[in-house]
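Down below is the structure, laid out as structure tokens.
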2 protein chains.
Amino acid sequence: MDDQSDVEVLGRTELFRGAPLDLLAEVQRASFRKRFAAGEAIVRQGDPPATVYVVVVGRLRVTQTTLDGQQVIIRYLGPGEVVGYAALVDGDAHPGSVIAVDDCHLIGWSAAVVRDIMSRHSLIAINVARILGGRYLDMQVRLRELSTEKVERRIAHTILRLVEQAGRRTARGIEIAFPLSRQDLAEMSGTTLHTVSRTLSAWEERGIVDCGRRRVVVAKSQLLESIAEEQA
Amino acid sequence: MDDQSDVEVLGRTELFRGAPLDLLAEVQRASFRKRFAAGEAIVRQGDPPATVYVVVVGRLRVTQTTLDGQQVIIRYLGPGEVVGYAALVDGDAHPGSVIAVDDCHLIGWSAAVVRDIMSRHSLIAINVARILGGRYLDMQVRLRELSTEKVERRIAHTILRLVEQAGRRTARGIEIAFPLSRQDLAEMSGTTLHTVSRTLSAWEERGIVDCGRRRVVVAKSQLLESIAEEQA
DNA sequence: CGGCATCTTTGCGCTGGCGCAATAAACAAA
DNA sequence: TTTGTTTATTGCGCCAGCGCAAAGATGCCG
């Protein structure tokens, strides 16, 4: 992984998409690379945001934790996505934690550097707006699902979204390409691991999914979609 | 309301905050004023986003509706806030509808004009990023509440947020300064109007709130806060 | 290969809050 | 005032899904 290839990678991230080559080169010179092992924390909830990253390889989980230790998963981040957006919009604390699910390779900058680039290049500031607009939209949809749908539908929607985001074709069907426990699914769907487990067991019986320990493979996505859309 | 005072108003909006006077004047010249009566739709879900507004006076409700007619309230908008953000980040359809709750006075621009200003002035693009970052953050908090808290706490949090956003001191306590039905509260808290009604009745008995038809006054905010924070 | 930690499954009982339905109150129009 | 419309209240029964608990499966690491 040399500097030249980093420039190419940066040009494909949501943050620097569309930037001219000289800007990408400048951005590359100001960057550093960093690796995190599975389970390591990249960002801790409450910390002051000092660094911005983009994901090169690997998968990250963004969570928010309450005082009494309950967690929700805000989203997963994959290649090309931004980690630590709070540093881009002068938040004074990270609203959530980010943990590596896989072994990850990130490229990072100090917050000041990226903020400076944003103010000198409106294109980058516009990219940030687009990124946050997209995440805001995602949350609107999830909020609506959580408010109006029953658990089974919510779990179905959650899995379909993950398939969209990180699905990998296999012999048995489409596999979600990172380790994903029942607890994780519960924290994304607003339910408990017990209910997720029961639901997946029922689906497995019908041949809709094929799961293992921290592994989910969707065999009949058509059926899953119909569960996600059914009324009542 | 002459052009000069419009410039002052614009300088205080979240979208144009910090802009130099000449830019504000340019923005003002490209703008038009528009009024909406209570109940009128400013934006309809699914429409292509062609116009951006900022609120001068009045209150607006942003909702998202499912195919089968169920609604959730995404947020309320008040003076200084942006209406129709999708037009700023090239969404191809408005993700929700916006309805006037009061009689409203807005200032608007065609999407192309504001997008052009964003690309010529990174400050404005950065403001957009900040706005969307703030809304994204709000949604994270609400999603967490909806996932982890029981109804009574959620309703308490919802009311406290509205008080924060649109509270007005009165003799009886702090009043939410726009008409707000039980149904509205239900659509913000992820429950039914029945449960909201029962909960408010119980609180009224304890003297915590004092409500009427589409009206909520918080008499003992301390007690309401303790309900919002209590464990279990 | 065995021991340990983590993750998953499943039975059972309980309850928060939903859904229905009927009444009452507030407001607007005429 | 009457009439109609929208909004709010409240009783009652029910059930989806939570919480507990205990056993079972899987994979890791020494």
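Naming: A, B, ... by sequence-line order, numbering from 1 per chain.
Separating the CZ atom of B:Arg154 from the P atom of C:dG16 is a distance of 14 Å, rounded to the nearest angstrom. Taking atom CZ on A:Arg182 and atom C1' on C:dT9, their separation rounds to 9 Å, with Å as the unit. Rounded to an integer number of Å, the gap from A:Glu204 CD to C:dT8 P is 12 Å. When rounded to the nearest whole Å, the span between CG of A:Leu200 and C1' of D:dA25 equals 16 Å. Put simply, CH2 on A:Trp203 is 13 Å from P on C:dT9, counting in whole angstrom units. Per the geometry, NZ belonging to B:Lys150 stands 9 Å off C1' belonging to C:dT15, to the nearest Å. The nearest whole Å value for the distance from the CD atom in B:Glu152 to the P atom in C:dT15 is 17 Å. Whole-Å rounding puts the A:Leu193 CG to D:dG17 P distance at 15 Å.
Residues A:Glu145 and A:Arg154 are not paired through a salt bridge, judged by the lack of any N-O separation under 4.0 Å between the basic side chain and the carboxylate. Using a cut-off of 4.0 Å between Lys/Arg side-chain N and Asp/Glu carboxylate O, B:Asp102 and B:Arg59 are scored as not salt-bridged.
Considering only side-chain N and O atoms, A:Ser201 lies under 4.0 angstrom from the phosphate OP1 or OP2 of C:dT10. One finds a side-chain N or O of B:Thr195 lying less than 4.0 angstrom from the OP1 or OP2 phosphate oxygen of C:dC18. Remark: B:Thr192 is not in phosphate contact with C:dG19, judged by side-chain N or O atoms under 4.0 Å from OP1 or OP2. The side chain of A:Arg213 places no N or O atom within less than 4.0 Å of a non-bridging phosphate oxygen (OP1 or OP2) of C:dT8.
Contacts of B:Arg198 with the nucleic acid, taken as non-hydrogen atoms under 4.0 Å apart, include base atoms. Among the atoms of the strands shown, only primed sugar atoms or phosphate atoms (P, OP1, OP2) are found under 4.0 Å from some heavy atom of A:Ser181.
Comparing D:dG17, D:dC18, C:dT8 by their closest approach to the side chain of A:Ser197 singles out C:dT8. For B:Val151, counting side-chain heavy atoms from C-beta on, the closest listed nucleotide (D:dC18, D:dT9, C:dG17) is C:dG17. Listed nucleotides C:dT8, D:dC20, C:dC18 differ in distance to A:Arg214; the shortest reach to its side chain belongs to C:dT8.
Put simply, the side chain of A:His194 and the base of C:dT8 share no donor and acceptor less than 3.5 Å apart.
For the residue pair B:Glu229/B:His157, the side-chain donor-acceptor check at 3.5 Å is satisfied. With hydrogens and angles left out, the side-chain atoms of A:Ser189 and A:Thr158 include a donor and acceptor closer than 3.5 Å.
Counting non-hydrogen atoms of neighbouring residues, nucleotides and ligands closer than 6.0 angstrom, the CZ atom of A:Arg44 reaches no more than 12 such neighbours.
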